[in-house]
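These notes concern the structure reproduced below.
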Number of protein chains: 2
Amino acid sequence: MGERFYKIGEVSELLNIEQHTLRYLENSLKLKILRDERGDRQYTESDLDTLRLVLQLKNRGLNTTAIRMALENSSEVDNQNEDEQSDKEETEKLPVRGPVVTIEFVEAISAVKRIAEQNETLVEQNRLLELRIRRLEDKLDRYHRERDQKLDELIQLFKSEPDARNKSWLSRLWNK
Amino acid sequence: MGERFYKIGEVSELLNIEQHTLRYLENSLKLKILRDERGDRQYTESDLDTLRLVLQLKNRGLNTTAIRMALENSSEVDNQNEDEQSDKEETEKLPVRGPVVTIEFVEAISAVKRIAEQNETLVEQNRLLELRIRRLEDKLDRYHRERDQKLDELIQLFKSEPDARNKSWLSRLWNK
DNA sequence: CTTAACTTCATAAATTGTTATCAGGTTAGT
DNA sequence: ACTAACCTGATAACAATTTATGAAGTTAAG
């Protein structure tokens, strides 16, 4: 309802993380943070929760890869448990341990689909390229023929001219 | 039944990992490897499988923390198939259930990823080829026009100015 | 027109993680 | 007694990840 958005500066203040770190996390964890029309990040409450979780996991020594896996597993739970941020320090409770592979799996499947599409495009593009090359070849041939023809013309013209002095340089012209 | 044990040297040979790396993995992944009365490590087949999986995951860029998490999900690989790993390659032994991380699975996924990368390369290469062809087309066009023009010029000159042609057109031809 | 608050991209610096070496020990088998 | 194969623990060397800084650009507000 009252969807409130936070700008990166605010988030940085609230959570005590540097802005560049927030951007880094966004990349490495592949979080998708909304943007406004100007391109500025808009963090939702949910994003804040996610970030808080991430920070905790980081403190426990998980790194991005691990955190990403953990996030995948806990995200679908979509905790209704509002801020139960009590002080109790659960020392050994990693959040949910589900099928880690699902991310990989899902990613793989969409990758396969993407590849299939790309491949179609590739085949088509290749066909077109092949065509253009063939045309180029033809064109080149034609040009050559035309040019030869013109040169012949020129030669004819020249031959009809008895003046022999020019022979030397002219022959040089079309010998190469 | 015939539980065979491998010593660290053998494992090192088999899997192509240095012994110190094996020990490192044991620590960082908190694997519990049996010991004999003397304290020497005794790797079981199952340990080998685990290690193979670990290696796969490592190759995919997961680090120990992440791998540890992944292992937790796949650890209860409760296959009661004690039978020998005979040579017969049963191709369609479908795992049937359970999101267990298998080596095959990981391999499949990384194959997909590899293909995806290759595909990207192909797309890029196509783009470059397209560019080169376009350049070639342009070049050919330009080249042809210029040459044609010169020849025409030459012919014209030859036809129209039989007297003055000696130097003027020639120099024009070469100097430009 | 300047400032504030963003953006990206690149790169430096600090921190962690991994692999490799070395030293010193134990045990079993020649 | 000597060697082979293992053990531990410390540390060096290198690789990867994470954090910090800087340059250059965009947009909105004063």
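Each chain gets a letter, A, B and so on, in the order the sequences are listed, and its residues count up from 1.
In terms of position on DNA chain D, the residue among Lys58(A) and Asp40(B) whose nearest nucleotide sits closer to the 5' end is Asp40(B). Residue whose closest nucleotide on DNA chain D sits further toward the 5' end, between Gly9(B) and Gly61(B): Gly9(B).
Within the hydrophobic cluster formed by Ile, Leu, Val, Met, Phe, Trp and Tyr side chains joined at under 4.5 Å, directly or through other members, Leu136(B) is accompanied by Leu129(A), Ile133(A), Leu136(A), Leu140(A), Tyr143(A), Leu129(B), Ile133(B), Leu140(B). Residue Leu122(A) belongs to a hydrophobic cluster whose other members are Leu122(B), Val123(B), with links defined by side-chain heavy atoms closer than 4.5 Å.
Residues satisfying the salt bridge (Lys or Arg N to Asp or Glu O under 4.0 Å) criterion with Arg23(A), sequence neighbours excluded, are absent altogether. The side-chain hydrogen bond (donor to acceptor under 3.5 Å, both in side chains) search around Thr44(A) returns Asp47(A), not counting sequence neighbours. Applying the salt bridge (Lys or Arg N to Asp or Glu O under 4.0 Å) test to Arg145(A) and every residue at least two apart in sequence or in another chain returns nothing. Here Glu124(B) pairs with Arg127(B) under the side-chain hydrogen bond (donor to acceptor under 3.5 Å, both in side chains) rule; sequence neighbours left out. Residues meeting the side-chain hydrogen bond (donor to acceptor under 3.5 Å, both in side chains) test with Gln125(B), sequence neighbours left out: none.
Residue Ile17(A) contributes atom CD1, which lies 9 Å from atom P of dT19(D) at whole-angstrom precision. Here dC6(D) presents its P atom at 8 Å from CD of Glu10(B), a figure rounded to the nearest Å. Spacing between atom OH of Tyr6(B) and atom C1' of dA5(D) amounts to 19 Å, rounded to whole angstrom units. Atom C1' of nucleotide dA5(D) and atom CG of Asp36(B) are separated by 11 Å, given to the nearest angstrom. At whole-Å resolution of the value, CG in Leu22(B) and P in dA5(D) are 16 Å apart. The CD1-C1' distance, from Ile8(B) to dC6(D), rounds to 8 Å in whole Å. Whole-Å rounding puts the Asn59(B) CG to dA16(D) C1' distance at 15 Å. For the pair Tyr24(B) OH and dG9(D) P, the computed distance is 16 Å after rounding to whole Å.
Applying the salt bridge (Lys or Arg N to Asp or Glu O under 4.0 Å) test to every pair with at least one member in residues 8-22 of chain B, sequence neighbours left out, gives these pairs: Arg4(B)-Glu10(B).
For the pair Phe5(A)/Asp36(A), no side-chain contact is recorded, criterion being any heavy-atom separation below 4.5 Å from C-beta on. Taking the side chain as every heavy atom from C-beta outward, Gln19(A) and Val11(A) never approach each other to under 4.5 Å.
Checked for salt-bridge contact, Glu137(B) and Lys139(A) miss the test: no charged N lies under 4.0 Å from a carboxylate O.
Within 4.0 Å (heavy atoms only), Arg23(B) reaches at least one base atom of the nucleic acid.
When the shell of 6.0 Å around CZ of Arg134(A) is examined, it contains 12 or fewer heavy atoms from other residues, nucleotides or ligands.
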key: CA sep, side-chain torsions, deciding dist, call: Glu120(A), Lys113(A), salt bridge (charged side-chain N to carboxylate O under 4.0 Å, His left out)   = CA-CA 11 Å; Glu120(A) 259 168 47; Lys113(A) 287 193 181 152; over 6 Å; no

Contacts under 3.5 Å, N or O only, protein and nucleotides 13-15 of chain D:
none

Shorter than 3.5 Å, N or O on both sides, protein versus nucleotides 23-30 of chain D: list them out with atom names.
none

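Note that the first and last nucleotides of DNA chain C, 5' to 3', having any atom under 4.0 angstrom from a heavy atom of chain B are dG17(C) to dA28(C).
Distances were taken from every side-chain heavy atom of Lys7(B) (C-beta onward) to each of dT8(D), dA20(D), dA5(D); the shortest belongs to dA5(D).
A heavy atom closer than 4.0 Å to some atom of DNA chain C occurs in no member of residues 25-34 of chain B.
Here Ser46(A) contributes atom OG and Leu51(A) contributes atom CG; the two are 9.5 Å apart, rounded to the nearest 0.5 Å.
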